[in-house]
There are 2 protein chains.
Amino acid sequence: MPHTATVTALSDHHARNEGDGMQRILAAALDLFAIHGFDQVSVNAIADKAGVSKANVFHHFKSKNDLYLATLREACRETRESLDVLSGTDGDIGERLTRYMREHLLAMLRNEQETRLVLREVLDNSPGKARALAEDVFKDRFEILVGVIRECQSKGLLRDGIDPAFVAVMLTGANVFYFQSREIMRHFPGIDFATEPERYSEKFMDVLLNGIGVK
Amino acid sequence: MPHTATVTALSDHHARNEGDGMQRILAAALDLFAIHGFDQVSVNAIADKAGVSKANVFHHFKSKNDLYLATLREACRETRESLDVLSGTDGDIGERLTRYMREHLLAMLRNEQETRLVLREVLDNSPGKARALAEDVFKDRFEILVGVIRECQSKGLLRDGIDPAFVAVMLTGANVFYFQSREIMRHFPGIDFATEPERYSEKFMDVLLNGIGVK
DNA sequence: GTCTATATCGGGATAGAC
DNA sequence: GTCTATCCCGATATAGAC
């Protein structure tokens, strides 16, 4: 629904859809690969969705694998850009951490397909394709996060004996798991945040900062 | 390495490997499906690993999909059994929660293939195969966990305003994420728990109970 | 129950016209 | 750059002997 929806005849020179063929192919491939995974998507399906012939796909990309890599690279680039915004924030207390968590989660949800693609590559332990690419994005985010936490710690905002790397993993995991399981959680009883990421973030930060034990 | 390793000629009647053909096929299918996913595994590969012919596989199971479902059912059954042990525990304080978390994580790691198979089915949002099966296992675990947390709360061990369902999600997510990402984390700097789940559990429970903020 | 063919279909990829 | 037609191969599944 997203990409192909905004066709809107632009009185462009050689007409048809938005962008040239290659762009449309990349967009179609992103959607399909992200949702169904590499080997459940046929080049035929991509060509159909992009509105071109199968042979044309092979004209732009020398193989299906090549197309996949291009798609992944693009997804990584966009994901990285959404990262830059976060490192610039500056505020008091764990408020900075709170904002980081909320924005990270919202960014994942906003770029759903890209996130799905990258996560698939990172978490499926297949040695294949280009884990290295996706892993870099993951690592980048992790290291930024560790930096933020370290800074909070150096300001004396964190309890002694807290391991910044562990907290970073915990935060990343909380958001990744929300992203992966929000659909299932909608079927579960007593959950009021499956469709409201901000509420999830809020509850998480409360527990993270204060713990669940009695004071 | 696990299943087929313990061959050990048992002087059985019609010789060959352990169990009848069907059991061997199921075991082989579990390993392959869990590691590579449904559509990257050919029936040929399963037959080879099980030491039977391809046609024989189709004799026992009417289709590849049927075999997959049988494999999944088996994995769900075993996973559920490892659950029973946990609901019986009884101790003071959040110690029960601590034990639950540690045992749950260790159980996942012990039954790696089964866990991988079930998780794949639950978290890949594909409508396909038999999500319902795997989702049930997930839901069971979730509800037991909520029960444990509620009990802790009723004993006054939890701070007011804590949402048990949220905490249950948080705990589940922490263990699932560890399971998924422990391999990647080994490549990351400053992480000392990637190969030591108990340490992970320990750190997690510390943060969960006490928070990271200064007292 | 187990095997050796074999049928059939869909996938990726190429050739060559326009 | 884009198409139609085709090649080739591996995958699921079946037939029928033992």
Side-chain angles (χ1 to χ4, degrees), chain A residues 3-4 7 9-10 12-72 74 126 128-130, chain B residues 4 7 9-10 12-72 126 128-130:
Chain A
H3 295 263
T4 52
V7 182
L10 281 169
D12 222 333
H13 34 291
H14 57 309
R16 219 30 198 287
N17 273 349
E18 37 160 353
D20 51 359
M22 200 170 102
Q23 292 298 326
R24 295 212 313 279
I25 292 170
L26 276 172
L30 170 64
D31 277 8
L32 293 175
F33 282 144
I35 295 173
H36 303 106
F38 181 79
D39 32 40
Q40 266 194 337
V41 173
S42 70
V43 177
N44 246 322
I46 296 171
D48 280 2
K49 193 179 173 84
V52 298
S53 75
K54 178 166 66 167
N56 193 11
V57 172
F58 285 101
H59 171 71
H60 288 288
F61 305 91
K62 76 173 194 293
S63 71
K64 182 188 178 184
N65 207 48
D66 190 47
L67 168 57
Y68 178 76
L69 289 184
T71 307
L72 187 62
E74 181 69 6
S126 56
K129 322 285 175 232
Chain B
T4 52
V7 181
L10 281 168
D12 221 333
H13 32 294
H14 58 309
R16 224 22 199 287
N17 274 348
E18 38 160 351
D20 52 359
M22 200 171 101
Q23 291 298 324
R24 294 212 314 279
I25 293 170
L26 276 172
L30 170 64
D31 278 8
L32 293 175
F33 282 144
I35 295 173
H36 301 107
F38 180 79
D39 33 40
Q40 266 193 339
V41 173
S42 70
V43 177
N44 245 322
I46 295 171
D48 280 2
K49 193 179 173 86
V52 299
S53 76
K54 178 167 63 168
N56 194 10
V57 173
F58 284 102
H59 171 72
H60 288 287
F61 304 92
K62 77 173 192 293
S63 71
K64 182 187 179 185
N65 207 49
D66 191 46
L67 168 56
Y68 179 77
L69 289 184
T71 307
L72 187 61
S126 57
K129 322 285 178 234

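Note on naming: letters A, B, ... go to the chains in the order of the sequence lines (proteins, then strands), and numbering restarts at 1 for each one. Just so it is clear, the model here is predicted, and its values are computed rather than measured. These numbers come from the heavy atoms of this one structure, side chains and all, not from hydrogens, waters or symmetry mates.
Computed from coordinates, the B:H59 NE2 to C:dG1 P distance equals 5 Å when rounded to whole Å. Computed from coordinates, the A:D39 CG to C:dG10 C1' distance equals 14 Å when rounded to whole Å. At whole-Å resolution of the value, CD1 in B:I25 and C1' in C:dC3 are 13 Å apart. The distance from atom CG of A:D66 to atom C1' of C:dG12 is 14 Å, rounded to the nearest whole Å. Rounded to whole angstrom, the span from the CZ atom of A:R24 across to the P atom of D:dG1 amounts to 12 Å. One interatomic measurement links the two molecules: CG of B:D48 to P of C:dC3, which rounds to 11 Å at whole-angstrom precision.
For the atom pair A:K64 NZ and A:Y68 OH, the distance stands at 10.5 Å (nearest 0.5 Å). Atom CZ of B:F61 is separated from atom CG of B:L69 by 10.5 Å, given to the nearest 0.5 angstrom. Annotation: the span from B:L30 atom CG to B:K49 atom NZ amounts to 9.5 Å, rounded to 0.5 Å. Annotation: the span from B:N56 atom CG to B:R24 atom CZ amounts to 8.5 Å, rounded to 0.5 Å.
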Exercise. What does nucleotides 4-18 of chain D look like as a protein-contact string, B for base, S for sugar-phosphate only, - for none, at under 4.0 angstrom between heavy atoms?
Worked result: B------SBBBB---

For this session: Test side-chain contact (heavy atoms from CB on, under 4.5 Å) on A:L26 and A:L67 and set out the steps.
Result: CA-CA 8 Å; A:L26 276 172; A:L67 168 57; 4.1 Å; yes

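Using a 4.5 Å cut-off on side-chain heavy atoms (C-beta onward), B:I46 and B:F33 make contact. Between A:I25 and A:M22, the closest side-chain pair of non-hydrogen atoms is not below 4.5 Å.
When all heavy atoms of A:A47 and A:V57 are compared, the pair lying nearest together is CB-CG2, 3.9 Å.
Taking the C1' atoms of five terminal pairs at each end of the helix from C:dG1-D:dC18 to C:dC18-D:dG1, the two resulting helix axes are inclined by 0°, rounded to 10°.
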